[in-house]
Amino acid sequence: MSTLKAVALIIGDSGLKGSVQFLQEPNGATHVSGRISGLSPGLHGFHIHALGDTTNGCNSTGPHFNPLKMNHGAPSDKERHAGDLGNIFAGSDGSRVAEISISDRQIPLSGPHSILGRAVVVHADPDDLGKGGHELSKSTGNAGARVGCGIIGLQSSV
Ligand SMILES: *[C@@H]1O[C@H](CO)[C@@H](O)[C@H](O)[C@H]1NC(C)=O
Ligand SMILES: [Cu+2]
Ligand SMILES: [Zn+2]
C-alpha cells in the first residue's frame with residue numbers, strides 16, 4: 001500500500017495564508033508539516049475541526065474533531081480531542097511565519113477516525129491546553145477567533 005498524503009491550503013484574515021501537509025507514516029502516526037504566514041507574533045491554537053465546511057468561513061468548520069468524546073487537552077494528554085494539536089508559534093522578527101512539524105497518532109488519513117474532508121483551523125490566541133481555568137478551557141482551550149482554515153484533501157502519493 002502506498003503512503004497516504006493529504007494537504008490543506010490555509011486562507012484567513014488580513015493576508016494570513018499557508019499550506020499544511022499530512023503524511024501517514026508506516027508506524028501509524030501522521031506527520032504534519034507546513035508553513036503559515038501573516039500571523040501575529042506568538043502562540044496560536046492549532047486544531048483539526050470536525051467539518052470540511054467553509055460556507056461561512058472558518059466558523060462553519062464545527063467543533064474540534066472529537067470522535068472519542070473527550071474533553072479538550074494538550075496533544076500529549078490522555079484526555080484530549082483527537083483534533084487537539086496544541087499551538088503553533090510565529091516569531092516576532094517581522095516574518096510573522098509559523099513553521100509546523102508535528103507527529104501525532106490520533107489524526108489518521110484512513111479508517112473510521114480519518115481527518116480527510118475535515119478542516120485545519122488556526123486561532124487568534126494561544127490554546128491553554130485545557131489548563132487555563134476559563135469556562136472554555138475544557139472545550140476549546142479558549143483560543144479565541146478562528147483566523148484561518150483550510151479543508152484537508154487527498155494528495156497524490158507519488
Ligand atoms: C465568526 O464568529 C465570530 C465569533 O462569534 C464572529 O465575530 C465573526 O464575525 C464570525 N465570522 C463570520 C465570517 O461569520
Ligand atoms: Cu480550533
Ligand atoms: Zn480540543
Side-chain angles (χ1 to χ4, degrees), residues 6-24 28-91 96-109 111-153:
V7 66
L9 289 184
I10 311 296
I11 311 275
D13 302 343
S14 42
L16 185 152
K17 63 180 179 181
S19 78
V20 179
Q21 288 192 286
F22 300 84
L23 189 63
Q24 190 161 303
T30 298
H31 190 256
V32 185
S33 59
R35 195 170 187 276
I36 298 176
S37 62
L39 290 161
S40 61
L43 293 168
H44 297 271
F46 184 70
H47 314 127
I48 308 301
H49 285 224
L51 307 176
D53 180 356
T54 52
T55 306
N56 187 29
C58 303
N59 287 357
S60 305
T61 60
H64 296 188
F65 179 46
N66 184 23
L68 301 176
K69 306 278 180 273
M70 299 278 194
N71 286 317
H72 180 77
S76 56
D77 289 343
K78 276 216 167 61
E79 183 77 21
R80 58 168 273 194
H81 301 140
D84 292 347
L85 300 182
N87 286 291
I88 58 174
F89 180 78
R96 302 171 75 211
V97 170
E99 302 279 356
I100 301 159
S101 180
I102 296 169
S103 203
D104 193 275
R105 306 190 69 86
Q106 294 201 30
I107 52 168
L109 302 181
H113 297 171
S114 170
I115 60 167
L116 284 179
R118 306 186 190 281
V120 179
V121 178
V122 185
H123 291 266
D125 301 329
D127 182 334
D128 72 12
L129 308 176
K131 296 168 186 71
H134 188 274
E135 62 176 330
L136 295 174
S137 294
K138 296 290 183 189
S139 57
T140 68
N142 193 28
R146 302 171 176 196
V147 293
C149 59
I151 300 166
I152 302 163

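Computed from heavy atoms alone, side chains included, the values below leave out hydrogens, waters and symmetry copies. Numbering of ligands and ligand atoms starts at 1, following listing order.
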Task: Parallel, tilted or perpendicular, as decided by the 30° and 60° cut-offs, for the rings of His64 and His47 - done: tilted

- [ ] Write down the atom of Phe46, the atom of Val32, and the distance for their closest heavy-atom approach.
- [x] CE2-CG1, 4.4 Å

Open item on the list: Tell me every residue that passes ring pair (Phe, Tyr, Trp, His ring centres under 6.0 Å) with His44, counting only those two or more places apart in sequence or in another chain.
Closed with: none

- [ ] Any pair with a residue in residues 7-20 that passes side chain to side chain donor-acceptor pair (under 3.5 Å), sequence neighbours left out, goes on the list, sorted by first then second residue, please.
- [x] none

TODO: Name whichever N, O or S atom of His49 ends up nearest to the Cu ion (ligand 2).
DONE: NE2

Open item on the list: With heavy-atom distances below 4.5 Å as the criterion, would you say the side chains of Ile107 and Leu85 are in contact?
Closed with: yes

Task: Metal site angle (apex the Cu ion (ligand 2)), ND1 from His47 and NE2 from His123, 10 degrees - done: 100°

Open item on the list: Quick one: does any side-chain atom of Arg96 pair with a main-chain N or O of Leu39 as donor and acceptor, under 3.5 Å?
Closed with: yes

Open item on the list: Just to be sure I understand the site: which N, O or S atoms from the protein are less than 2.8 Å away from the Zn ion (ligand 3)?
Closed with: His64 ND1, His72 ND1, His81 ND1, Asp84 OD1

Task: Among Ile115, Val120, Thr61, side chain to side chain contact (heavy atoms under 4.5 Å, CB included) partner for His49 - done: Thr61

Task: Partner of His72 by side chain to side chain donor-acceptor pair (under 3.5 Å), out of Asp128, Asn142, Asp127 - done: Asp127

Write 'none' if nothing qualifies; otherwise put on separate lines each N/O atom of ligand 1 with a protein N/O atom under 3.5 Å away and their distance to 0.1 Å.
residue	atom	partner	partner atom	Å
ligand 1	2 (O)	Asn59	OD1	3.3
ligand 1	2 (O)	Asn59	ND2	2.3
ligand 1	11 (N)	Asn59	ND2	2.9
ligand 1	14 (O)	Asn56	OD1	3.3
ligand 1	14 (O)	Asn56	ND2	3.4
ligand 1	14 (O)	Asn59	ND2	3.4

Open item on the list: I'd like to know if the side chain of His81 and the backbone of Met70 have a donor-acceptor N/O pair within less than 3.5 Å.
Closed with: yes

Open item on the list: Restricting to non-hydrogen atoms, name the atom on Ser40 and the atom on Ala124 that form the minimum distance, rounded to 0.1 Å.
Closed with: OG-O, 4.4 Å

